[in-house]
Number of protein chains: 2
Amino acid sequence: MDSGEQVQQRARPRRVTAAMVAARAGVSVATVSLVANGKTAGRVSEDNISRVREAIAELGYVVDGIGSSLARGVSSIVILVAPDISNPFFAKVIGGVRESLGPTYQLLLSVTESGEFPKADDVRKLMSLRPAGLLVDAPNAGFLADLSVGGPLVLLDAPGLASVAPAVNLDVAHGARELAAHLAGAGHRRVAYLDSITGTETFTIRREAFLAEAAARGMSVDPSHIPATTIDVGEAAAAFAAAWPEWQREGVTAVACATDTHAYGVLQEARVEGVRIPEELAVAGFDDLPYSATSSPGLTSVHLPAELLGLKAGEQLRRLMEGQALEQEELTLESSLVVRGSTVAAAT
Amino acid sequence: MDSGEQVQQRARPRRVTAAMVAARAGVSVATVSLVANGKTAGRVSEDNISRVREAIAELGYVVDGIGSSLARGVSSIVILVAPDISNPFFAKVIGGVRESLGPTYQLLLSVTESGEFPKADDVRKLMSLRPAGLLVDAPNAGFLADLSVGGPLVLLDAPGLASVAPAVNLDVAHGARELAAHLAGAGHRRVAYLDSITGTETFTIRREAFLAEAAARGMSVDPSHIPATTIDVGEAAAAFAAAWPEWQREGVTAVACATDTHAYGVLQEARVEGVRIPEELAVAGFDDLPYSATSSPGLTSVHLPAELLGLKAGEQLRRLMEGQALEQEELTLESSLVVRGSTVAAAT
DNA sequence: CTGAAAGCGCTTACAG
DNA sequence: CTGAAAGCGCTTACAG
């Protein structure tokens, strides 16, 4: 008996087709298609509508996605391409996208090696799924050139690329300037910058905006005091360990990090070496990850609206997929500094 | 000129079909299909193989995923259903899955409200994509009953459900017992447990194994000292704030948390209230998230092999999709305690 | 309002 | 070794 049930459970249930529904309702498959897709307006009689609806319910019919996609020429899949899903920041972006996309579209995540973009070949394979739309997070120009999509496409966090395709961007420069101003206001004169090694444009902007504002406010950043690592706590910790003796010797009293993850590495290593934060060294990052409020001391960080980023990008894409024009080709979302104990002794 | 380029870039490129390749190579589409899928063994002449390959390269032909799926009856999509992608733990699981699945399969992430499973309706829509296989993380029995998949299916982190489908599980009970033993060894006599409110089986096991071992080692856990919240730093912090006065009054000196995220909430609130960790209160969690090594103090945690979990699940599913039998229907991966400063003053 | 039919792009027996 | 043809499940002009 047991094994019987097992077998039954595993047996591939016979797929219910539109033809079966049509037979049961005594109509043509064309009529079934019309009803199943809600395109009945002035084209199907009330009588047939309810007949078909009943048959659909009885049989548990669901329009086959593959057959439908082939006939329409496009699927209901939206592909999200992103270089780094291990970043908690990104999980929030996904949440926003999901919300704005609604139940009509299936979200397919293109996952690759962390930090890498899919190769032209992978992209082709993805495109052969005939996606309804494409979302690309933090792209570089080269990848976009490879892409050459015809259909709806929206870029996320793609500063400078808004001419290539509609984009939703983050005004990271604003936050970077706030951070520099904050450090200058706290009396720092010599500061360091721990950069991200990823060639993404946003990191260039973060760094340049910070350096420019720092200079304007009378802080000096020695070019040799700008190490770079991948977005990894351990690597950031190692880079800081290697750099700290010289920084200390040369009177560096603050370090800005390209991401909070880099900053966690600094905090970790600082604890190991007994460097007092923020008294001996002020530390700050970008992203304002959920853990930045919990670390000790709390991490001063440039807050970026991750979920809103996903939400807006999803909305823009949706308009495109529905054939509407975009009111604005480029949206820019605000960033702002959140001050915590890692830069100010009094704060949390 | 500019707008001309723009238009050209957006223009949907004409899809290259097998028929076009066939015409160019002077063969039939059947032959093109055989070559494109590498099924030429003893069926296509060398001459035609190279002819077709050339045409494919020249035209940039890619087998259409939709057409192919319809003809085969199954797509190359693997769907991963999971209740919580915002958990960094989960990002690692995904990484593991991606790696073991290889480039043949596309990974589609079914994203829902955090903590929720997709409804039967959503699942039906997903299944209409004719996935090659299904991966379900931390499922509850009800969801699986709804599912009733016919095809390849592997469960992740589904203790007690291995009879329903092949599963890869984590031996969280072992880690839970290690944790209880560790606390008892440190001299704690009265402890609390901050539980997760999600009805997932793994949390029941974590709690019960911990409580059983605690009792066996002479530690008492008052049933009223087992609050539960969602997996959220803020909520955990609030729950701890509400509970701490009583715990303190009654001599509770340690709290085990169902996840590291819960523990971060405790650490955060403890700092606010000036509770010294670990002197006044020892804190520990499960998951060993990357940030647990960075928090201050470092968080003692039961390490769970997230990436391996994804890797093994992907491997099992792959076997199933390739029609092979599984050597073992259920795999169980070890967990073990990582001791840090949140429970031992001397440690990091 | 209704249904027969073509067509989406491919794969796979089948006959040669 | 090769190709004509049927079929996968649906959608959409089209003729009625």
Side-chain angles (χ1 to χ4, degrees), chain A residues 12-52 55-56 59-77 124-125 127-132, chain B residues 12-52 55-56 59-77 124-125 127-132:
Chain A
R12 189 158 236 146
R14 192 75 217 101
R15 188 170 290 279
V16 178
T17 69
M20 294 163 65
V21 175
R24 176 145 195 150
V27 300
S28 70
V29 296
T31 301
V32 172
S33 174
L34 258 15
V35 175
N37 290 298
K39 300 186 176 174
T40 55
R43 306 216 257 157
V44 185
S45 66
E46 282 304 326
D47 211 46
N48 274 349
I49 292 182
S50 51
R51 234 197 212 79
V52 172
I56 287 180
L59 264 31
Y61 172 69
V62 181
V63 176
D64 184 75
I66 299 292
S68 174
S69 299
L70 186 58
R72 287 185 205 269
V74 57
S75 74
S76 60
I77 293 174
R124 285 229 186 101
K125 227 176 264 174
M127 297 312 291
S128 92
L129 255 26
R130 311 247 198 141
Chain B
R12 190 158 236 144
R14 193 76 217 101
R15 188 171 289 280
V16 178
T17 68
M20 295 163 66
V21 175
R24 176 144 195 151
V27 300
S28 70
V29 294
T31 301
V32 172
S33 175
L34 259 13
V35 174
N37 290 298
K39 300 186 176 175
T40 54
R43 306 217 258 158
V44 184
S45 66
E46 281 306 327
D47 210 47
N48 274 349
I49 292 181
S50 52
R51 234 198 211 78
V52 172
I56 287 179
L59 263 33
Y61 172 70
V62 181
V63 176
D64 183 75
I66 299 293
S68 175
S69 299
L70 186 58
R72 285 186 209 268
V74 56
S75 74
S76 60
I77 293 174
R124 286 230 186 99
K125 226 175 264 176
M127 296 312 292
S128 92
L129 255 27
R130 310 249 196 139

Quick one: [X] [atom1] to [N] [atom2], roughly how many Å, whole number?
{"X": "B:Arg15", "N": "C:dG9", "atom1": "CZ", "atom2": "C1'", "value": "9 Å"}
{"X": "A:Arg130", "N": "C:dG9", "atom1": "CZ", "atom2": "C1'", "value": "7 Å"}
{"X": "B:Leu70", "N": "C:dC8", "atom1": "CG", "atom2": "C1'", "value": "9 Å"}

Who are the side chain to side chain contact (heavy atoms under 4.5 Å, CB included) partners of [X], not counting sequence neighbours?
{"X": "B:Ala36", "answer": "B:Ile56, B:Tyr61, B:Val63"}
{"X": "B:Ala30", "answer": "B:Ser28"}
{"X": "A:Ala19", "answer": "A:Thr17, A:Val29"}
{"X": "A:Ala71", "answer": "none"}

Q) Within the pair A:Asn48 and C:dC1, is there a side-chain N or O less than 4.0 Å away from OP1 or OP2? A)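 The answer is no; no side-chain N or O of A:Asn48 sits under 4.0 Å from OP1 or OP2.
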
Q.
Holding to side-chain hydrogen bond (donor to acceptor under 3.5 Å, both in side chains), I want the full list of residues that pass it with B:Ser69, two or more places apart in sequence or in another chain.
A.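 Here no residue qualifies.
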
Q) Looking at residues at least two apart in the chain, or sitting in another chain, which of them share a salt bridge (Lys or Arg N to Asp or Glu O under 4.0 Å) with B:Arg72? A)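 Checked B:Arg72 against salt bridge (Lys or Arg N to Asp or Glu O under 4.0 Å); zero matches.
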
(Q) Give me the stems containing DNA chain D, sorted by first residue, counting only three or more consecutive Watson-Crick or G-U pairs with both distances under 3.5 Å; say none if there aren't any. (A)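 If one scans DNA chain D for consecutive Watson-Crick or G-U pairs, the stems found are C:1-3 with D:14-16, C:5-12 with D:5-12, C:14-16 with D:1-3.
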
Would you give me the side-chain donor-acceptor pairs under 3.5 Å for residues 42-49 of chain B, sequence neighbours excluded?
{"from": "B:Ser45", "atom 1": "OG", "to": "B:Asn48", "atom 2": "N", "distance (Å)": "3.2"}
{"from": "B:Asp47", "atom 1": "OD2", "to": "B:Arg51", "atom 2": "NH1", "distance (Å)": "2.8"}

Q.
Each nucleotide in nucleotides 10-16 of chain D should get exactly one letter: B, S or -. Can you fill that in based on protein heavy atoms under 4.0 Å?
A. BBB----

Q) Between A:Val32 and A:Val52, which heavy-atom pair has the shortest distance, and what is it? A) CA-CG1, 4.1 Å

